[in-house]
Structures are given as C-alpha cells and as structure tokens.
S.K.: 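Starting off with a structure, shown below.
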Amino acid sequence: MARLIYRLHDRRAFRRERVMRDRTNPLDIYGDRELIERFRFSRVELLELINELSPQLQHATDRNGPAGRYDECLALQSRAQIHVRLPTQEEATRTKDKFRRDSGIPGIFGCIDGTHVRIQAPSKNEYLFVNRKGFHSINVQVVCDANMKLIDVVARWYGSSALAQMCEEGRLSGIMLGDSGYPLNKWLMTPVMVPRTEQERQFNYVHSRTRSIIERCSSLLHFLPCRFHCLHSEIRMEPERVCTIVCAAAVLHNICTDKRVPLPAEDLGPVDLKHTEHFFKS
C-alpha cells in the first residue's frame with residue numbers, strides 16, 4: 001500500500017503543467033515564419049484562403065462541430081474551375097511566347113504527363129487499381145504551362161480528359177508536349193522513337209528538356225512531403241475520396257504559384273535552353 005501511494009505521489013510530482021492556449025484566433029499563435037514552415041502560406045494568403053472557403057464550410061447553426069479535413073478538400077475541389085482551368089487565347093499566347101523563348105519550339109501551350117498516387121487496396125474492383133509497378137494507385141494526368149501552373153488535372157480511375165476533345169474541335173489552338181507513352185497527334189508532339197539523323201536527335205534533346213517542366217510539376221504534387229505530405233505515402237481512403245484530395249492539392253498548388261509562394265525544397269527555375277532556336281528555323 002505504501003509503495004502504491006509513493007508511485008502516485010511520484011507521478012504527480014513529475015506531471016507536466018497543462019498549458020491552455022487561446023484558440024479564438026489560431027493564427028495568432030504562430031509568427032510569420034512559423035506559418036510558412038507549418039502551412040506553406042503567409043498570414044495574408046491564409047486569411048484570403050479562409051475567406052474564400054468559409055461560405056462552404058460554415059454550418060447553418062452553431063450546434064455543429066467544425067468542418068473535417070475531407071470537407072475542406074471538397075471545398076477546395078469546388079474551386080477547381082476557378083484555379084485549375086484551361087487558358088484563354090490571350091493566356092495561351094503568352095504561354096506560347098514563353099515556351100518559344102525558353103526552348104525555341106513554337107506553338108506550345110502546355111506539357112502533359114501522368115503520375116501515380118499510391119492508395120490502399122480498394123474493396124471493389126481491386127485488380128483494376130494495380131499499376132505496372134505492382135502497387136495500387138490512382139493514375140493522375142496533369143497538364144501544366146511554362147510557369148508550372150496546372151491547367152488540366154484528370155484524377156479518376158477511368159475515362160478520358162475533355163482537353164483532347166477541345167483540341168480536336170479547334171477550340172484550343174496549339175500543341176502539347178508528351179512522352180513516348182502518348183500517341184502522336186496534330187496537337188500532341190512526342191519524341192522520335194528511333195532517331196536516325198542529327199536533326200532527330202537534336203529534336204529529342206530539346207523535346208526532353210522542355211517537357212521536363214511537367215515532370216518537375218508532377219513530382220511537386222507527388223514527391224514533396226513538405227508541401228503535400230498526404231500524397232507522399234499511401235492514402236488509406238476510398239478511390240473517390242483520393243481523387244478529391246488530389247484535386248484539392250492541385251488547387252493549392254496553383255494558389256501557391258499565383259501568390260509566388262516559395263517551394264519548400266529546392267527552387268525550380270524555368271527551363272533554360274540556348275542555341276536551339278536555329279534548329280526550328282532551318
């Protein structure tokens with residue numbers, strides 16, 4: 001009995017004092033530097049994002065609890081038509097000019113690529129989600145412009161993008177760059193499979209260097225745990241919810257790009273290609 005009393009007294013002596021924080025305004029807890037380190041947004045940008053999403057996250061009465069994280073993803077997904085959209089003709093012209101200055105290839109309005117987001121084995125149609133590497137994933141197709149801003153995201157396990165239909169109908173003029181996994185089309189330029197001449201090898205080099213911007217953009221969505229940690233490892237949710245989370249991450253990525261939020265890791269500068277424009281003029 002004496003030993004039990006001694007243990008209880010000893011635990012109380014070393015118990016940490018409970019700290020009660022003022023949660024009426026959570027942003028006041030952190031400084032500007034801590035906000036960027038924790039949330040990758042400054043105070044002003046966080047307040048703008050809160051004001052934009054608040055109408056969809058507020059409850060009709062005060063009897064409900066706060067919105068969950070998935071509700072926040074749904075709110076972000078609903079803003080995808082505003083933040084993740086195809087460029088207008090004026091915007092596409094500026095993008096083509098930037099790609100032309102950087103690579104020498106005329107008429108490019110975007111680069112296309114795919115990335116896999118790892119998920120847990122779903123309960124329905126499990127075999128459909130096994131990719132060629134042997135793990136379960138959602139195949140996400142992304143298209144970005146010269147500034148690494150996403151202009152099209154397809155995050156679903158079946159179907160195709162409306163982007164191809166728009167290009168076929170001529171509503172979006174220009175070409176995209178894709179790897180050898182995509183078929184050659186009048187609006188989609190792929191590398192030469194078996195280059196035989198010096199011009200074809202030079203074309204493949206410039207094509208690869210220019211298209212690397214989309215690979216860096218998709219790796220930003222998938223492999224940088226500092227910004228989007230949930231996409232770095234296996235997501236233990238249903239495929240429908242995973243697609244929503246991917247769209248929410250795409251919206252946040254474009255907001256970061258528009259607000260010029262610095263990347264958490266290395267600074268990814270624009271593609272710098274010199275002495276290549278003469279190849280396409282000849």
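When reading the values below, keep in mind they use all heavy atoms of this one structure, side chains included, and skip hydrogens, waters and symmetry mates.
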S.K.: Are the side chain of N125 and the backbone of L128 linked by a donor-acceptor contact shorter than 3.5 Å?
M.R.: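 No, N125 side chain to L128 backbone: no donor-acceptor pair under 3.5 Å.
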S.K.: I'd like to check the salt bridge (charged side-chain N to carboxylate O under 4.0 Å, His left out) partners of D258; sequence neighbours left out, ordered by chain and number.
M.R.: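 Only K149 meet the salt bridge (charged side-chain N to carboxylate O under 4.0 Å, His left out) criterion with D258.
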S.K.: Is there a side-chain contact between M237 and I119 in this structure, where contact means two heavy atoms from C-beta onward sitting under 4.5 Å apart?
M.R.: no
S.K.: What pair of heavy atoms forms the shortest contact from V251 to A80, and how long is it?
M.R.: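 Heavy atoms only, the tightest pair is CG2-CA, 3.8 Å.
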S.K.: Checking side chain to side chain contact (heavy atoms under 4.5 Å, CB included) for the pair D113/Q141: CA distance, chi angles, key distance, verdict?
M.R.: CA-CA 6 Å; D113 199 5; Q141 178 182 278; over 6 Å; no
S.K.: I need the minimum non-hydrogen distance between A155 and V246, along with the two atoms involved.
M.R.: CB-CG1, 3.8 Å
S.K.: Do S137 and V117 come within less than 4.5 Å of each other through their side chains, counting heavy atoms only?
M.R.: no
S.K.: Working to the nearest 0.5 Å, report the span between CE of M148 and SG of C111.
M.R.: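 The distance works out to 11.0 Å.
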S.K.: Sequence neighbours left out, what pairs pass salt bridge (Lys or Arg N to Asp or Glu O under 4.0 Å) with at least one residue falling in residues 44-54?
M.R.: E48-K259, E52-R79
S.K.: Within the side chain of T210, is there an N or O that forms a donor-acceptor pair under 3.5 Å with the backbone of V206?
M.R.: yes
S.K.: Start with the C-alpha gap between F109 and L86, add the side-chain angles, then the distance that decides, and say whether side chain to side chain contact (heavy atoms under 4.5 Å, CB included) holds.
M.R.: CA-CA 10 Å; F109 70 87; L86 295 175; 5.6 Å; no
S.K.: Strictly below 4.0 Å, N to O, side chains only: are R196 and E200 in salt-bridge contact?
M.R.: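 No.
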S.K.: Nearest heavy-atom pair of V142 and V153: which atoms, and what distance?
M.R.: CG1-CG2, 4.2 Å
S.K.: State the CG-CD1 distance between L177 and I105, to the nearest 0.5 angstrom.
M.R.: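 Between atom CG of L177 and atom CD1 of I105 there are 5.5 Å.
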S.K.: Can you confirm whether I112 sits close enough to Y182 that some side-chain heavy atom of one is under 4.5 Å from a side-chain heavy atom of the other?
M.R.: yes
S.K.: Can you list everything that forms a ring-ring contact (aromatic ring centres under 6.0 Å, His included) with H207? Sequence neighbours excluded, please.
M.R.: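 By the ring-ring contact (aromatic ring centres under 6.0 Å, His included) rule, H207 matches F203.
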S.K.: Please check if L76 and L47 belong to a single hydrophobic cluster, counting links between Ile, Leu, Val, Met, Phe, Trp and Tyr side chain heavy atoms closer than 4.5 Å.
M.R.: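 Looking at the clustering, L47 is in the same group as L76.
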S.K.: Does the pair I175 and L188 meet the rule for a side chain to side chain contact (heavy atoms under 4.5 Å, CB included), with working shown?
M.R.: CA-CA 5 Å; I175 59 176; L188 179 58; over 6 Å; no
S.K.: Can you find a pair of side-chain heavy atoms, one from F41 and one from I255, that are under 4.5 Å apart?
M.R.: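 Yes, at least one pair of side-chain atoms sits under 4.5 Å.
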S.K.: Under 4.5 Å between any side-chain heavy atoms of F129 and P239, yes or no?
M.R.: yes
S.K.: Any idea which heavy atoms bring N204 and P195 closest together, and the distance?
M.R.: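 Distance-wise, the nearest heavy atoms are ND2-CG, 3.7 Å.
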S.K.: Under a 3.5 Å distance rule, please check whether N254 uses its side chain to pair with a backbone N or O of H83 as donor and acceptor.
M.R.: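 Judged by distance alone, yes, a pair lies under 3.5 Å.
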S.K.: Using a 4.5 Å cut-off on heavy atoms from C-beta on, say whether the side chain of Q56 contacts that of S78.
M.R.: yes
S.K.: Which atom pair, heavy atoms only, marks the closest approach of P87 to A92?
M.R.: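 In terms of heavy atoms, the two residues are closest at CB-N, 3.9 Å.
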S.K.: Do any N or O atoms from the side chain of D145 and from the backbone of G110 form a donor-acceptor pair under 3.5 angstrom?
M.R.: no
S.K.: If you take all heavy atoms of T244 and Q77, which pair is closest and at what distance?
M.R.: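 The answer is CG2-OE1, 3.5 Å.
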S.K.: We want to know whether R201 and Y205 form a side-chain donor-acceptor pair, criterion being a heavy-atom distance below 3.5 angstrom.
M.R.: no
S.K.: Applying salt bridge (charged side-chain N to carboxylate O under 4.0 Å, His left out), can you list everything that pairs with R132, at least two apart in sequence or on another chain?
M.R.: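 Testing R132 for salt bridge (charged side-chain N to carboxylate O under 4.0 Å, His left out), a comparison that skips the adjacent residues, returns none.
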S.K.: Kindly give the cluster partners of Y70, where membership spreads through any ILVMFWY side chain lying under 4.5 Å from a current member.
M.R.: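 L74, listed by chain and number.
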S.K.: To the nearest 0.5 Å, tell me how far L252 CG sits from L49 CG.
M.R.: 6.5 Å
S.K.: Looking at K98 and D102, does any basic side-chain N land under 4.0 Å from a carboxylate oxygen?
M.R.: yes
S.K.: Can you tell me how far CD of E90 sits from OG1 of T95, rounded to the nearest 0.5 angstrom?
M.R.: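 Between T95 OG1 and E90 CD, I get 10.5 Å after rounding to 0.5 Å.
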S.K.: What verdict does the side chain to side chain donor-acceptor pair (under 3.5 Å) test give for E126 and H136, after you've listed the backbone C-alpha separation in whole Å, the side-chain angles of each residue and the deciding distance to 0.1 Å?
M.R.: CA-CA 8 Å; E126 176 269 340; H136 301 84; 2.4 Å; yes
S.K.: Does a side-chain heavy-atom distance below 4.5 Å link R118 with I235?
M.R.: no
S.K.: For R94, does the CZ atom have more than 12 heavy-atom neighbours from other residues, nucleotides or ligands under 6.0 Å away?
M.R.: yes
S.K.: Do F99 and P106 touch side chain to side chain, with heavy atoms closer than 4.5 Å?
M.R.: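 Not in contact.
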S.K.: Look up atom OG1 in T197 and atom CD in Q202, then write down how far apart they are to the nearest 0.5 Å.
M.R.: 10.5 Å
S.K.: Who pairs with R85 by salt bridge (charged side-chain N to carboxylate O under 4.0 Å, His left out), at least two apart in sequence or on another chain?
M.R.: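 Applying salt bridge (charged side-chain N to carboxylate O under 4.0 Å, His left out) to R85 gives E91.
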S.K.: To the nearest 0.5 Å, what is the distance between CD1 (I138) and OG1 (T115)?
M.R.: 12.0 Å
